[in-house]
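Below you'll find the structure, written out as structure tokens, and then a few comments.
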There are 2 protein chains.
Amino acid sequence: MSKKISLKDIAEAVGVSTALVSYVLNDKDEQTRVNKDTAKRIREMAKEMNYQPNQIAKSLKSGKSQAIGLLVADISNPFFGNLARAIEDEAKKHGYSVLFGSSDENLENSQRLIDTFINRQIDGFIIAPAEGTASQLEYLKNANIPFVLIDRYFKDLETSYVVVDNFNATYQATQLLLSQGHTKVAYVCYKNQLQHTEDRYSGYLQALLDQGNAEDSSLICEVEFNNATYFREQFIELLQPDRDVDAILFSTNTLSIMGLKIINELNITVPDDLAVFCFDESEAYDLFYCPISYVKQPLSMIGKEAVKILLEQLRGKASSEQKVMLDVEIVARKSCQK
Amino acid sequence: MSKKISLKDIAEAVGVSTALVSYVLNDKDEQTRVNKDTAKRIREMAKEMNYQPNQIAKSLKSGKSQAIGLLVADISNPFFGNLARAIEDEAKKHGYSVLFGSSDENLENSQRLIDTFINRQIDGFIIAPAEGTASQLEYLKNANIPFVLIDRYFKDLETSYVVVDNFNATYQATQLLLSQGHTKVAYVCYKNQLQHTEDRYSGYLQALLDQGNAEDSSLICEVEFNNATYFREQFIELLQPDRDVDAILFSTNTLSIMGLKIINELNITVPDDLAVFCFDESEAYDLFYCPISYVKQPLSMIGKEAVKILLEQLRGKASSEQKVMLDVEIVARKSCQK
DNA sequence: TCTTTTTGTTTAAACGATTAAGCTATGAAA
DNA sequence: TTTCATAGCTTAATCGTTTAAACAAAAAGA
């Protein structure tokens, strides 16, 4: 039907120049002392013609796109889906749109997404960085492109981030399991160099040590990302009766779900045969025959904070990198009892 | 550090006009007979300076943004998360980025998102339309903005869509429950005017009728979206012993999960006390003490098809609206047995 | 009455790309 | 020798905004 209405169309209709229209519609008519009557006519005409500014043209002129890029491992993972939703909502409040991309924890994918988004003049990034992407982040820093990390961070890289206190999370969960009388608390995690992975392991380990237990590698099940077969093997191995494991702490939601499935298959009863403590949320935790204990991350808060910090940087208010570490909630239920 | 490199920078460095650079970098140097040596120098310089074209400027000129807008009810719902992922992957293959927005099934949100995306010169939409948004889609049609519906469609609106055969889905599920010997098969659904809601109900009803059962409103639990309290009341009412319900068919994933939780609370045993058939996928279906039967939608296929159809429209290949109806997979497990 | 200030508006460049049209050598044909 | 075609390039307009600078008319001051 109707082609898009531009400033020029309004200008012609009212009989003024595009400059005036621009001033008025950007509420700069006071400063630029546009005649009140003219301003009114412009505003009315704009409404009548249902004028919608062309964001692309604005972006080109301003160098700002009013859009932020969200990089996660996988948007179909509810953990990231929930983060995305929180980020979307907060961004929308401030007039920003969100572009997203899934890296699958892969270096090249991550780089490609960053490039694509930069070409689209993204104003800034919110990134759950994949392993080994520190150099990509360095690049962003050097290019002066604002970004905020979520979920993960790099110890030796000065960046803004919003994460949870992972050490404390696993420390508390482990301690809880031990305090219930479990003696052989196993730990299931992904094998990678990411800081939060290490923090979670450290928390687990410290809790063991603090209760007088020694580090025991036979209690650790460390598996590769995206290798279900390998996980199955390793995890079943961990559950062999001779290993005497009486409790398990999973360090991510995907590991938790995969683990619980195998526990079911092997007809191991939770918590009688085996106590279980999971990470993150899942519909499944409530529906398991025995309510699952879990470490609950404040996802909305993480998303909200990340956007807030990013916007501060965009507006140049940020004096320096902001590092936020939020507390998790330990939801202890039947699955961790003795 | 370095500011962005533009065509002009390359042109100056090589000592030619921006036009030549543009021709060469868009592989039009043959047609525009650019000297091979010049072309080579331009290409080398572009690589050396790490030139990245400004997509915004391209968009302004071409009117095309190489981006598509995805409108769903809620990106944190794994159903939409999985769709989003499929769409992202397929879009990326063809050089398109994805902007997303969650409407929360709300009319104004939907409209706002559409406006925002149009202003950003989105090339086309993929939409899971909320109830009552037919007029918004009409608007898109009139404005000649390509879009493809997913998950839902409107019977009296000529649009492209990719949906599943919902009638058949609930028909099969219901028939399966009946064939197992269940006599009072209840149906839990949202109260709305959406076609897929009606199709699912029709499928359920037809299966009942075909097996010689009468329509029975006391077997229907129809609840409002986003009203957990109301759902709880209604659903518990449905489960009262005097109602004699021996099987339940849930018509969405959210209803399934909420329902299963209450079934657990009330200590109703599946399938002994009550057979259950759910819709869509959830981690919880596998982890429930009794493996849950469910209607599995081909999410990747839906996403992929939607993108393909949209791109055909964008390229002007599409002669007319394309309507795709995919088959679901009936995953029958223990929860539906007698 | 003449200058200065204020008010209200227009002009035009810019953002970074694309692309039709124009220009200038050079070599071939007449 | 003049004419024309071709190769190889540049010019300049354009997309829809923004915004500094210029301008004209009216009002105020001298």
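Note that the structure is a prediction, hence the values are computed from the model and not measured.
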Does any pair with a residue in residues 52-97 of chain A pass ring pair (Phe, Tyr, Trp, His ring centres under 6.0 Å), and if so which ones, sequence neighbours excluded?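 Found none.
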
In whole Å, I'd like the distance from the [atom1] atom of [X] to the [atom2] atom of [N].
| X | N | atom1 | atom2 | result |
| --- | --- | --- | --- | --- |
| A:N35 | C:dT6 | CG | P | 18 Å |
| B:I5 | C:dA17 | CD1 | C1' | 15 Å |
| B:L20 | C:dC23 | CG | P | 17 Å |
| B:E12 | C:dG16 | CD | C1' | 13 Å |
| A:Q55 | D:dG16 | CD | P | 15 Å |

Using the side chain to side chain donor-acceptor pair (under 3.5 Å) rule, take B:N142 and B:E138 through it: C-alpha gap first, then chi angles, then the decisive distance, then the call. CA-CA 6 Å; B:N142 288 332; B:E138 291 264 26; 5.0 Å; no

End axis versus end axis in the helix from C:dT1-D:dA30 to C:dA30-D:dT1, the angle rounded to 10°, five pairs used at each terminus: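 Nearest ten degrees gives 80° for this helix.
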
State, without any angle test, whether A:S6 and A:D9 hold a side-chain donor-acceptor pair at a distance under 3.5 Å.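 Yes - a donor-acceptor pair under 3.5 Å links their side chains.
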
Proximity to DNA chain C (any heavy atom under 4.0 Å), residues of residues 59-67 of chain A only: A:L60, A:K61

Working for side chain to side chain donor-acceptor pair (under 3.5 Å), residues B:S76 and B:D74: CA-CA 5 Å; B:S76 72; B:D74 181 5; 2.9 Å; yes

Side-chain N or O of B:N26 less than 4.0 angstrom from OP1 or OP2 on C:dT18? yes

Taking any heavy-atom pair under 4.0 Å as a contact, classify B:K28: base, sugar-phosphate, or nothing. sugar-phosphate

Thinking salt bridges, do [X] and [Y] make one under a 4.0 Å N-O criterion?
| X | Y | result |
| --- | --- | --- |
| B:D89 | B:R85 | yes |
| A:R43 | A:D27 | yes |
| A:K308 | A:E312 | no |

Please test A:L140 against A:I118 for side-chain contact (heavy atoms from CB on, under 4.5 Å), starting from the C-alpha separation and ending with a verdict. CA-CA 10 Å; A:L140 289 180; A:I118 291 180; 3.9 Å; yes

Residue mapping more 5' on DNA chain D - nearest nucleotide basis, A:Y23 or B:R33: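 That would be B:R33.
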
